[in-house]
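Working notes, beginning with the structure itself.
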Amino acid sequence: MPERVVFTKAALQEPYAQQILERVQSFNLPVEELSGNRVTGLRGESDRDTYNIAKRTLAVVTAPPSSFKLSPIPPSADWQFHIAEGCPAHCQYCYLAGSLSGPPVIRTFANLPQILANLAAYEQPGVPKTFEISCYTDPLGIEHLTGSLAECIRYFGTRNDAYLRVVSKFDAVDKLLDLPHNGHTRMRMSVNAAPVSGRFEGGTASVTSRLMALRRLALPRESGGGGYPVGLVIAPIMLMDDWQMHYTQLLDQISEVLDMNCDLTFELISHRFTPGSKEVLQTWYPQSKLDMDEAKRSVKRNKFGGTKYVYHADMMKIAKHFFEVEIQRRFPSAKILYWT
Ligand code: SF4
């Protein structure tokens, strides 16, 4: 629950904002209506204060015109789009540190109907296209306040060739189970080995709760589930001491919980960081024990000249092989979509 909810002037003019307003008021949260469109009052006396204030603020805003031009997001999906930016959790490796700038306030977009209507331009008749919704937020983490994820799932359920991809570290899936998704939304949970989830994933649901939620999403409707295609995103994979043992335990736990037939995929993402994300994360989590020692990593450059630090190629090869074999052994009909 945020401590502060603000609506910008432009957001309040959007009919969809009323739905968010009603939800927020149903939780008795104090609401501020801003006279303009800039969200202010996020800065504290220290970086740490700013972080705390921002993370506890939900700002209902309108998505800027630039967000209507979608970007591809390989290897996860054909396109990414955003219904919100920011997340209430506190993962010490958070991906958002490298992609969003400024205080980590949670912004949710009140012009959702326009955002969804815009997606049609990126569909191609007869060619399935996938749309990732979770690049800049954890959509399930704020769903109780916005209802926006449910809107998206309903919308994709009506499309012929468009498929929604969702990933989360939260478990409040009750309201999603009965939605008419029509098999067009793949619900994925991001999970990790105990030393990573226990130490670095503050404010999220436990891995056990995430897996139980995924089970409910995957179970057929006649068994009380949601009948969704589902997936596991194991990320970020950290090659700490005894990593094989810890990830073996995770995979065993997954196979115990998902002990039924279901449409299941795996995505495997090794830990990486950039100079920029490291700097931001060290400001947000100054006491963190997260290993971001450049000397232990290889440098990978992208086509725009950006640098990221990844595990050395020999370790990557061993880890990739380990996951492929161990997943195949436990889930012979699941598909591994990629390792990166
Ligand atoms: Fe960042 Fe995802 Fe953790 Fe939220 S759940 S803090 S977006 S890594």
Could you tell me which residues satisfy side chain to side chain donor-acceptor pair (under 3.5 Å) with [X], sequence neighbours excluded, listed by chain and number?
X    : value
K296 : D291
E3   : none
N52  : none
T50  : none

Note to self: Please enumerate all residues that pass side-chain contact (heavy atoms from CB on, under 4.5 Å) together with A77, with sequence neighbours excluded.
What the structure shows: I73, T130, E132, R165
Nearest heavy-atom neighbours spanning [X] and [Y]:
X    : Y    : result
M238 : Y311 : CA-OH, 3.4 Å
S288 : L290 : OG-N, 3.1 Å
A172 : L140 : O-CD1, 3.3 Å

Next item on the list: Output all residues satisfying ring-ring contact (aromatic ring centres under 6.0 Å, His included) with W339, sequence neighbours left out; order by chain, then residue number.
Entry: none
Note to self: Just to verify, what does Y285 make a ring-ring contact (aromatic ring centres under 6.0 Å, His included) with, not counting sequence neighbours?
What the structure shows: Y51
Notebook entry, point to check: In chain order, what residues pass the salt bridge (Lys or Arg N to Asp or Glu O under 4.0 Å) check against D174, with sequence neighbours excluded?
Noted result: R216
Note to self: I'd like to check the salt bridge (Lys or Arg N to Asp or Glu O under 4.0 Å) partners of R329; sequence neighbours left out, ordered by chain and number.
What the structure shows: E326
Please list, one pair per line, the donor and acceptor atoms closer than 3.5 Å that link side chains of residues 153-164 to other protein atoms, with sequence neighbours excluded.
unit_1, atom_1, unit_2, atom_2, d
R154, NH1, E151, OE2, 3.3
Y155, OH, L116, O, 3.4
T158, OG1, Y155, O, 2.5
R159, NE, E123, OE2, 2.8
R159, NH2, E123, OE1, 3.4
R159, NH2, E123, OE2, 3.4
D161, OD2, G126, N, 2.9

Check: Going by an N to O cut-off under 4.0 Å, is there a salt bridge joining R215 and D259?
Finding: yes
Item checked: Presence of salt bridge, R186 and E267, under 4.0 angstrom -> no
Any side-chain donor near an acceptor of the partner, [X] and [Y], under 3.5 Å:
X    : Y    : result
R210 : T204 : yes
S270 : R272 : yes
H271 : R297 : yes

Next item on the list: Would you please indicate yes or no on a ring centroid separation below 6.0 angstrom for Y95 and Y93?
Entry: yes
Note to self: Using ring centroids (six-membered ring only for Trp), state whether F81 and Y122 fall under 6.0 Å.
What the structure shows: no
Would you tabulate the side-chain donor-acceptor contacts of residues 24-36 under 3.5 Å, counting partners in other chains and residues two or more places apart, or write 'none'?
unit_1, atom_1, unit_2, atom_2, d
S26, OG, R23, O, 2.6
E32, OE1, R4, NH2, 3.2
E32, OE2, R4, NE, 2.9

Check: Under the 4.5 Å side-chain heavy-atom rule for ILVMFWY, direct or indirect, which residues accompany L337?
Finding: V167, V233, I269, Y338
Notebook entry, point to check: Quick one: does M1's side chain get under 4.5 Å of H144's, heavy atoms only?
Noted result: yes
